[in-house]
*Asks:* 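Sharing a structure with you now.
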Amino acid sequence: MFRNVRPKLIQSFSDILGVIFMIYGYCRVSTHKKDKDTGEYVQTTDLQRDALVSAGVSADNIYEDRISGTTANRPGLDELLTKVQAGDEIIIWKLDRLGRSARNLLELAENLKQRGVNIRSLQDGINTGGKLGGFLLTILGAVAQLERENIRDRVTAGIATSLANGGRIGRKKALNSYARKEVVDLFLKGKTVTELSRTFSVGRATIQRTLSNAGVSASSRESM
C-alpha cells in the first residue's frame, strides 16, 4: 500500500522545494549467455525488475547489467551513477546485486552517501539513509576488512604450500629444463633463434634468454 503512494509523496515534496528527487533501480544477473534453442537469456532480471517496479521505480529508471559481480566494468551501473543527484534514491533487490565485494559495496555506499544519494535494498530491508544507515556502513567496513584479511591469509597459505611441495613463486617458465637443454644443443648445431622459436612455439626473446642464461652465444658456436 505505502509503496504505491511513495512516489506521489516524493513528487509533492519536490514540488514544494522546486526540486525533483528521483527513484532509480538497478538489477544484475551474472551472465549474458542465451539458450541455443530459444535464443532467450539463461538468466533474466524479470524477478528483480518486478520487485523494483512494485517498490515505486519507473521502468524507464531501471538500469541493469548482465555480467559477473566480480567484473569491475559494469556499463549499466556506471551510467546510473552518472545520473543520480543529491536527494535521489537507488533501489536494489539485494545488496549483492550492487557490489562486487563487501569492500566495493562499502566504497560505493560511502561515495553515494557523500553525494546525498540513498541505497535501499528490498530483500535485506536496509536503507543507508535511515537510522541504521551509519551502522550498516560500519558493519560493511568490518566485513570488508575481514575479507581483505582472509584473501591475504589464503594467498600466504597458498605460497607456503607451493614452496613446501617444491613449487616456485612467479610466472611459470615457458620451457622446461629438458626443452632448455635441447634449445642450447640445437643452437650449437646451427639452428637460428628464429627457427628455434618456431620449433618450440615461444618468442624469440624466450630463446635468447635461454641461451644467455646458459652462457651460449653465436661465438660459442663458432669456436666449436
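This structure is a prediction, so every number in the text was calculated from the model and none was measured.
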*Asks:* Give, for atom OG1 of Thr192 and atom CZ of Phe187, the distance between the pair rounded to the nearest 0.5 Å.
*Replies:* 8.5 Å
*Asks:* According to a hydrophobic-cluster definition based on side-chain heavy atoms being under 4.5 Å apart (Ile, Leu, Val, Met, Phe, Trp, Tyr only), do Ile126 and Leu112 belong together?
*Replies:* yes
*Asks:* For a quick test of reading the model, state the closest non-hydrogen atom pair linking Val184 to Ala214 and the distance between them.
*Replies:* CG2-CB, 3.7 Å
*Asks:* Heavy-atom distance under 4.5 Å between the side chains of Thr45 and Arg66, does that happen here?
*Replies:* yes
*Asks:* What's the separation between atom CD1 in Ile207 and atom CG in Leu186, rounded to the nearest 0.5 Å?
*Replies:* 9.5 Å
*Asks:* State, yes or no, whether a side-chain contact exists between Phe200 and Thr210 at a heavy-atom distance under 4.5 Å.
*Replies:* no
*Asks:* When rounded to the nearest 0.5 angstrom, what distance separates OG1 in Thr82 from CG in Leu80?
*Replies:* 7.5 Å
*Asks:* Run the side chain to side chain contact (heavy atoms under 4.5 Å, CB included) check on Leu122 and Ile92 step by step: do they pass?
*Replies:* CA-CA 6 Å; Leu122 301 177; Ile92 51 178; over 6 Å; no
*Asks:* Taking the side chain from Arg97 and the backbone from Cys27, do they hold a donor-acceptor pair closer than 3.5 Å?
*Replies:* no
*Asks:* Same cluster or not: Ile62 versus Trp93, using hydrophobic residues (I, L, V, M, F, W, Y) connected whenever any side-chain heavy atoms lie under 4.5 Å apart?
*Replies:* no
*Asks:* So, Lys181 and Asp185, do they make that salt bridge, N to O below 4.0 Å?
*Replies:* yes
*Asks:* One pair to check against side chain to side chain contact (heavy atoms under 4.5 Å, CB included): Leu106 and Glu110. What are the steps and the verdict?
*Replies:* CA-CA 6 Å; Leu106 172 65; Glu110 287 183 331; 3.7 Å; yes
*Asks:* State the CD1-CD distance between Ile23 and Glu89, to the nearest 0.5 angstrom.
*Replies:* 6.0 Å
*Asks:* Take atom CZ of Arg198 as the centre, draw a 6.0 Å sphere, and report whether it contains more than 12 heavy atoms from other residues, nucleotides or ligands.
*Replies:* no
*Asks:* Do the side chain of Arg28 and the main chain of Asp65 share a donor and acceptor less than 3.5 angstrom apart?
*Replies:* no
*Asks:* For the side chain of Thr199 and the backbone of Glu195, is there at least one donor-acceptor N/O pair under 3.5 Å apart?
*Replies:* yes
*Asks:* Taking the side chain from Asn213 and the backbone from Arg209, do they hold a donor-acceptor pair closer than 3.5 Å?
*Replies:* yes
*Asks:* Between Ser121 and Lys94, which heavy-atom pair has the shortest distance, and what is it?
*Replies:* OG-CA, 3.5 Å
*Asks:* State whether the side chain of Arg115 and the backbone N or O of Val84 hold a donor-acceptor pair below 3.5 Å, judged by distance alone.
*Replies:* yes
*Asks:* Is it true that Ile119 and Tyr63 fall in one hydrophobic cluster, defined by side-chain heavy atoms closer than 4.5 Å?
*Replies:* yes
*Asks:* Is any side-chain heavy atom of Leu108 closer than 4.5 Å to one of Leu81?
*Replies:* yes
*Asks:* Gln208 versus Val193: any side-chain heavy-atom pair under 4.5 Å?
*Replies:* yes
*Asks:* With a 3.5 Å distance limit and no angle check, can you tell me whether Arg74 reaches the backbone of Leu98 through a side-chain donor-acceptor pair?
*Replies:* yes
*Asks:* Quick one: side chain to side chain donor-acceptor pair (under 3.5 Å) partners of Lys83, sequence neighbours excluded?
*Replies:* none
*Asks:* Would you find a donor on one side and an acceptor on the other, under 3.5 Å apart, between the side chain of Asp88 and the backbone of Met22?
*Replies:* yes
*Asks:* Specify the closest pair of heavy atoms between Val202 and Leu175, including all atoms of both residues, with the distance to one decimal.
*Replies:* CG1-CD2, 4.0 Å
*Asks:* If I take atom CG from residue Asn127 and atom CD1 from residue Ile91, how far apart are they, to the nearest 0.5 angstrom?
*Replies:* 9.0 Å
*Asks:* With rounding to the nearest 0.5 angstrom, report the CD to CG distance, Glu182 to Asn176.
*Replies:* 9.5 Å
*Asks:* Hey, mind stepping through Thr44 and Arg49 against side chain to side chain contact (heavy atoms under 4.5 Å, CB included) and telling me if it holds?
*Replies:* CA-CA 9 Å; Thr44 71; Arg49 278 185 165 273; over 6 Å; no
